[in-house]
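Within every chain, numbering begins at 1; the chains are lettered A, B, ... in the order of the sequence lines, protein sequences first and strands thereafter.
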2 protein chains.
Amino acid sequence: MTSGRAGANLAAIASALGVSAATVSNALSGKGRVSTELSEKIRVKAEELGYVPSIAGRALRTGRSGVVGLVLPDIANPLFPQIAQAIEKAADAAGYGVLIADSHGNVAKQTQAINRLIERGVEGMVVVPRRGTRIGNVDCPVAVIDSPSTPGNTVSADHWDGGFQIGRHLAELGHRNVVIIGNNPDSNVQNDRIGGIRSGLGSSAQTQTLWIASLEKRNGAGCPLGVAQKVMQGSTAFAAVSDLHALRALTELQRDGINVPEQASVTGFDDLIWAPVVTPALTTVRMDMAKIADLAITALVRSIDAEDRPLSGGVVADISKVAMELIVRRSCGPNNKKQAANTTSTAGELAS
Amino acid sequence: MTSGRAGANLAAIASALGVSAATVSNALSGKGRVSTELSEKIRVKAEELGYVPSIAGRALRTGRSGVVGLVLPDIANPLFPQIAQAIEKAADAAGYGVLIADSHGNVAKQTQAINRLIERGVEGMVVVPRRGTRIGNVDCPVAVIDSPSTPGNTVSADHWDGGFQIGRHLAELGHRNVVIIGNNPDSNVQNDRIGGIRSGLGSSAQTQTLWIASLEKRNGAGCPLGVAQKVMQGSTAFAAVSDLHALRALTELQRDGINVPEQASVTGFDDLIWAPVVTPALTTVRMDMAKIADLAITALVRSIDAEDRPLSGGVVADISKVAMELIVRRSCGPNNKKQAANTTSTAGELAS
DNA sequence: CTGAAAGCGCTTACAG
DNA sequence: CTGAAAGCGCTTACAG
């Protein structure tokens, strides 16, 4: 906040023009208390001197930093880049800069990250909480992006509806025996998605849930999911709560000689970067990140403006859930008994 | 930068204790000009009042914002999360906050992003430039992370060496006919990697390069790479310059009935999140992001300290390239003529 | 060891 | 329409 690396400050412009700093300030902020001609002269001079306003000076005077924080549980998570990008864009449009913080690791780190952000003077923050964390008692407005079923949530995708769309799509393709693949049964987001999938499939469908975390605890990280076996046992579709798990299922099926989508359909979630790239391309569901970010930032800014330098901050209350969009790609085909039976033997030949 | 949401500022502590603000400042900054007992009393009082120093006040006085910028060409790129995370961590360790900026789109956006960062008072910035961009004439120290062969580069992975390790590994496994998969021939990073791969394979190997961008321009986005056909024509390995392209090749091979690694090996680059998760797990090469980030931030901070509020900034000069680490996983096996010949017919059956 | 004073750059009532 | 003055919170010589 050295401001004038380029040298000029308000006073410099003022003295160069023989006017007061107050007038320069008024002219540049365009509040209209200065004559048009003088304003114009000041603007030109400012440009000429390469004037860059000092955020520090302004912040000190107004108590506003023009910066919000973004707390992410794990920046390396493949979904968060989308969030970060959307938040940055929305914040920028609202005139705010974005300071990032990674709550990587544990809840203590999250609290620490939040505190550091406060020390750095953020006016508010958007936080994507760690699993099972409640954000309480933060000294500034907070918008929480999590899951509609999480208390204190501000905005999020309608994960349940996303699941419902997937489930309905599979049902329409004729799938009646579906394996749902989740990672962690403690995740609100995952449970919302799974609930939606089940509901979308309808009561006539058989479902079972494969929890990767439990499986890996038993068999070691990176162990096979055993999806090919599920196909032998009659399952015709795999609905994963993330494109990452869908990818895992897809490649394991292929490696074991099962044709996707002829013998088994695979769906994911989130439209991650590889979804359109793999063969066959993944059917998935996408959240409208831009909209979520807009809502989060709008709510945050409203709260910041409403408070207008109070002594206590707080959590912005529940607002809305954003619809998800189904993206149908080739990994998902009709359940065709004859073909499935047909290819089982071929698969057998190849698998060994 | 409202500082005292919690209320207390230096003056409040001072008057509560009947001392001067200067003394409080000295005590809290620990520069040792205050008696131990008084220091302790001040520290306790500060804690009690929930004192949070005003960055704005300090910044205005010292001319230092304690913030650096991070400019990324596309936050949604799967590799950048790792960069962002590492930079955030390194900056945090050095006492700096990180303001993010996305130069998404074009070069004009990049310039604009840089300017906005300057307006926000960053003391320096780390930039991962857009392809083919030179960063010049920025009003603060800049560390550039790109490729050793890019002029003005500050730190980066040794992409050539990473390629070399991949190439040598494939050569040791007996591969003599390798397809290199790149995206864009204009990328310094990709060219470095490809040069390394060729060199690692040695002069006895036949190589050809498949440029995805050109292919897609002819055949449309998401078109098949035709990798199975390459196998029929005698290629036994595919070395991609990114795990994303490796994944594309892998799934396409599997979909076309080619067994990986028995009939063809596949390697990637960057150890992206799915590399260990797919079946077979991808052999790849990883950059030491933590080290790269440390070097970038160290160089940046040194430059910031050296300048100590000059009128001109500039680019931190060339420094170093960081070794890459080969990660061998199952996607990569020995070239075994007999087995390859053996499975070709099976592949043929399935392919149609 | 402690304090009084000045000043970083800005904005905002308030006077004129 | 324009200006003089005060003050946001901090740190840093300088005196004592």
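Using modelled atom types, no side-chain atom of A:Arg130 and backbone atom of A:Gln110 make a donor-acceptor pair closer than 3.5 Å. Looking at A:Arg64, its side chain never comes within 3.5 Å of a backbone N or O of A:Ala59 through a donor-acceptor pair. A donor-acceptor pair under 3.5 Å is absent between the side-chain atoms of A:Glu88 and the main chain of B:Ala101, judged by distance alone.
Nearest-nucleotide positions on DNA chain D for A:Val19 and B:Ala11 put A:Val19 closer to the 5' end.
Judged as a salt bridge (Lys or Arg N to Asp or Glu O under 4.0 Å), and not counting sequence neighbours, the contacts of B:Lys45 are B:Glu48. Judged as a side chain to side chain contact (heavy atoms under 4.5 Å, CB included), and not counting sequence neighbours, the contacts of B:Gln112 are B:Lys109, B:Arg116. For A:Thr23, the side-chain hydrogen bond (donor to acceptor under 3.5 Å, both in side chains) partners two or more places apart in sequence, or in a different chain, are A:Ser20. Partners of A:Asp294 by side-chain hydrogen bond (donor to acceptor under 3.5 Å, both in side chains), not counting sequence neighbours: none found.
Note: CG (B:Leu28) to P (C:dT2) measures 14 Å, nearest angstrom. In this structure, CD1 of A:Ile13 is placed 14 Å from P of D:dG3, rounded to the nearest angstrom. Atoms CD1 (A:Ile55) and C1' (D:dC8) sit 16 Å apart, rounded to a whole Å. In this structure, A:Leu38 atom CG and D:dT2 atom P are separated by 5 Å, rounded to whole Å. Here the C1' atom of nucleotide C:dC8 and the CG atom of A:Asn9 are 10 Å apart, to the nearest Å. The separation between B:Lys41 atom NZ and C:dC1 atom C1' is 13 Å, rounded to whole Å. Whole-Å rounding puts the B:Leu17 CG to C:dT2 P distance at 11 Å.
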Q: Could you run through nucleotides 11-16 of chain C and give me one letter per nucleotide, 5' to 3': B if any protein heavy atom sits under 4.0 Å from the base, S if only the sugar-phosphate is that close, - if neither?
A: BB----
**Q.** Canonical and wobble pairing (Watson-Crick, G-U, under 3.5 Å) of DNA chain C, dot-bracket with |
**A.** |||.||||||||.|||
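Side-chain contact between B:Met125 and B:Leu70 is absent, with no heavy atoms from C-beta onward closer than 4.5 Å. Side-chain contact between B:Ser65 and B:Ile55 is absent, with no heavy-atom pair separated by less than 4.5 Å.
Note on B:Ser20: every side-chain N or O is 4.0 Å or more away from OP1 and OP2 of C:dA4. At D:dG3, one or more side-chain N or O atoms of A:Thr23 fall inside 4.0 Å of OP1 or OP2 (strictly under the cut-off).
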